[in-house]
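Worksheet: the structure to be examined is printed underneath.
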Amino acid sequence: MVPGSQIVNESSIRILLWDLDGTLVRGERYGVFKDYTVPMLKTVFGTSGSLGEMMVSGMTDLQIVEEALKCEGITRDHIMARKDELLRCYIEEMKRATGNGAHAIHAMPGGREALQRVAAHPRYLSALLTGNIQPAAYLKLELTGLAEFFQLPGAFGEESFDRRDLPAIAARRINKYLGANLQPQQFIVIGDTPNDIACARHFGARVLAVATGRMHSEEDLLAHEPDALLPDLLDTELVMETLESL
C-alpha cells in the first residue's frame, strides 16, 4: 500500500478517479484551451480543421484531434505517426500561453477542501482520470496548487481515442502500484460530463457526477443516471457523506 497509509483492509479502499477540467479546475473563459491547441494543430498538421467550432467537453485530447482533423482527411494512423511531435508541441504551446498570462487556470471552488478531506481519510486515495494529456494535466495541477493530492498513477488523454478505456488503464496501474487487486466497484469516477458517467459504467465503477462544468446542468447529468449527483464541491461534509454512500 501507499507508504504511510493507515489502510489495512484492502476491501475498504476506494480509489477516487478525478476528472480535471470542469471538475477540479477551470479556465477563466470557456474554450480558452483553443488558444494553444489551435496553433499546436497548425504547427504539426498545417491545419486545425474544425476545432474552432467544436464542443469538446468530456473528450480525450486524442479524440479531439481526430474529430477536428477528419474534415481534412487526416486519419487516426496519421495522428499516431506524429503523436510524439503532437504531444511535444501541445505542451510547448500550453506553457507559452500560461506563462504569458493569456491562459489563467483556477481551482474550482471547494475542490481543494474536498481533496484535503479525502486525503485525510484512510478509506480514500485519489488519482487523475482526465482527457488531458499527462504533462498538461500536471501543469494544470501545479498552476492551481493541487498537485500534492495526486500521488497515484492515473490515466490520460494521450492513451486512447475513447474515454471509456481510461478507467481500466488507471486501475491496472493503481493495482500494480499498490500491490493490490482492487475490483471495479472499488473505484469512483468523479466528473462533470455524461462521458465521465459513461466511462465509469463501461468499466463497472461507481460514479459521482458534479454539475460544476459549463456545459451540463444537473438535469443533463441526471438523465445519464449517475450513482450520485452533487451541484458542486462546496459542501465538504456532503461530499464525504455522498462518497460514503457509494
Side-chain angles (χ1 to χ4, degrees), residues 18-108 111 128-144 146-147 150 154-166 169-170 191-196 198-199 212-216:
W18 293 86
D19 172 52
L20 197 52
D21 294 306
T23 301
L24 288 174
V25 306
R26 172 185 282 180
E28 64 181 17
R29 56 184 169 83
Y30 178 71
V32 72
F33 84 102
K34 294 177 184 179
D35 291 353
Y36 50 87
T37 51
V38 166
M40 173 268 292
L41 288 181
K42 288 182 176 178
T43 297
V44 177
F45 294 103
T47 177
S48 62
S50 61
L51 180 58
E53 296 77 51
M54 285 175 57
M55 307 294 282
V56 301
S57 178
M59 299 168 66
T60 70
D61 282 340
L62 275 186
Q63 183 182 7
I64 292 168
V65 172
E66 181 179 39
E67 292 297 322
L69 299 180
K70 276 182 178 177
C71 62
E72 301 291 341
I74 296 171
T75 68
R76 184 174 293 191
D77 288 342
H78 294 141
I79 294 167
M80 293 305 293
R82 306 190 74 171
K83 181 179 174 182
D84 289 346
E85 181 184 359
L86 186 73
L87 299 182
R88 183 172 60 252
C89 187
Y90 185 117
I91 199 64
E92 288 173 356
E93 290 291 343
M94 184 179 176
K95 286 181 176 179
R96 182 177 296 113
T98 55
N100 65 20
H103 181 67
I105 302 171
H106 307 285
M108 197 69 76
L128 284 177
L129 191 142
T130 172
N132 287 263
I133 65 170
Q134 185 170 352
Y138 280 107
L139 178 58
K140 290 179 181 181
L141 290 180
E142 291 169 13
L143 291 170
T144 55
L146 301 178
F150 294 93
F156 302 91
E158 73 271 26
E159 299 186 285
S160 179
F161 290 87
D162 188 339
R163 192 185 189 97
R164 292 176 299 176
D165 296 334
L166 297 188
I169 293 170
D192 67 298
T193 75
N195 280 347
D196 295 297
C199 79
T212 47
R214 290 186 168 106
M215 297 302 300
H216 302 286

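Throughout, residue positions are numbered sequentially from 1 according to the sequence presented. Please read all numbers here as calculations on a predicted model, not as lab measurements.
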**OP:** Mind running side-chain contact (heavy atoms from CB on, under 4.5 Å) on K140 and M94 for me, showing each step along the way?
**Re:** CA-CA 10 Å; K140 290 179 181 181; M94 184 179 176; 3.5 Å; yes
Original post:
What residues form a salt bridge (charged side-chain N to carboxylate O under 4.0 Å, His left out) with R26, not counting sequence neighbours?
Top reply: none
**OP:** Would you mind checking if D196 and R163 are paired as a salt bridge, meaning a charged N to carboxylate O distance below 4.0 Å?
**Re:** yes
Original post:
Does T37 reach the side chain of I64, with side-chain heavy atoms less than 4.5 Å apart?
Top reply: no
**OP:** Using atom types as modelled and distance alone, determine if a side-chain donor or acceptor of D61 lies under 3.5 Å from a backbone N or O of I133.
**Re:** yes
Subject >> Qualifying ring-ring contact (aromatic ring centres under 6.0 Å, His included) pairs with a residue from residues 40-75, counting only residues at least two apart or across chains >> reply: none
Subject >> Non-hydrogen atoms of A137 and L128 that approach each other most closely >> reply: CB-CD1, 4.1 Å
**OP:** Before accepting this row, confirm whether a basic side-chain N of the pair R88/E85 lies closer than 4.0 Å to the acidic partner's carboxylate O.
**Re:** no
**OP:** Any chance you could measure F33, atom CZ, to L51, atom CG, to the nearest 0.5 Å?
**Re:** 5.0 Å
**OP:** Take T43 and C89 through the side-chain contact (heavy atoms from CB on, under 4.5 Å) test and state the conclusion after the steps.
**Re:** CA-CA 8 Å; T43 297; C89 187; 3.8 Å; yes
**OP:** Take the angle between the ring planes of Y90 and Y36 and call it parallel below 30°, perpendicular above 60°, tilted in between.
**Re:** perpendicular
Original post:
Closest heavy-atom contact between G157 and T60?
Top reply: O-CB, 3.7 Å
**OP:** Carefully, step by step, assess E159 and D165 under the rule side-chain contact (heavy atoms from CB on, under 4.5 Å).
**Re:** CA-CA 8 Å; E159 299 186 285; D165 296 334; over 6 Å; no
Subject >> I91 and P135, any side-chain heavy atoms less than 4.5 Å apart >> reply: yes
Original post:
Any side-chain heavy atom of L20 sitting closer than 4.5 Å to one from L141?
Top reply: yes
Original post:
Going through the distances and angles, do F156 and T130 end up as a side-chain contact (heavy atoms from CB on, under 4.5 Å)?
Top reply: CA-CA 5 Å; F156 302 91; T130 172; 3.6 Å; yes
Original post:
Are the side chains of L24 and F150 in touch, meaning some heavy atoms are under 4.5 Å apart?
Top reply: yes
**OP:** Could you tell me the separation between the OG1 atom of T98 and the CG atom of L139, rounded to the nearest 0.5 Å?
**Re:** 5.0 Å
Subject >> Nearest atoms (heavy-atom pairs only) where K34 meets P39 >> reply: O-CD, 3.7 Å
**OP:** Might you point out which heavy atoms bring S48 and A68 nearest each other, and give the distance in Å?
**Re:** O-CB, 3.9 Å
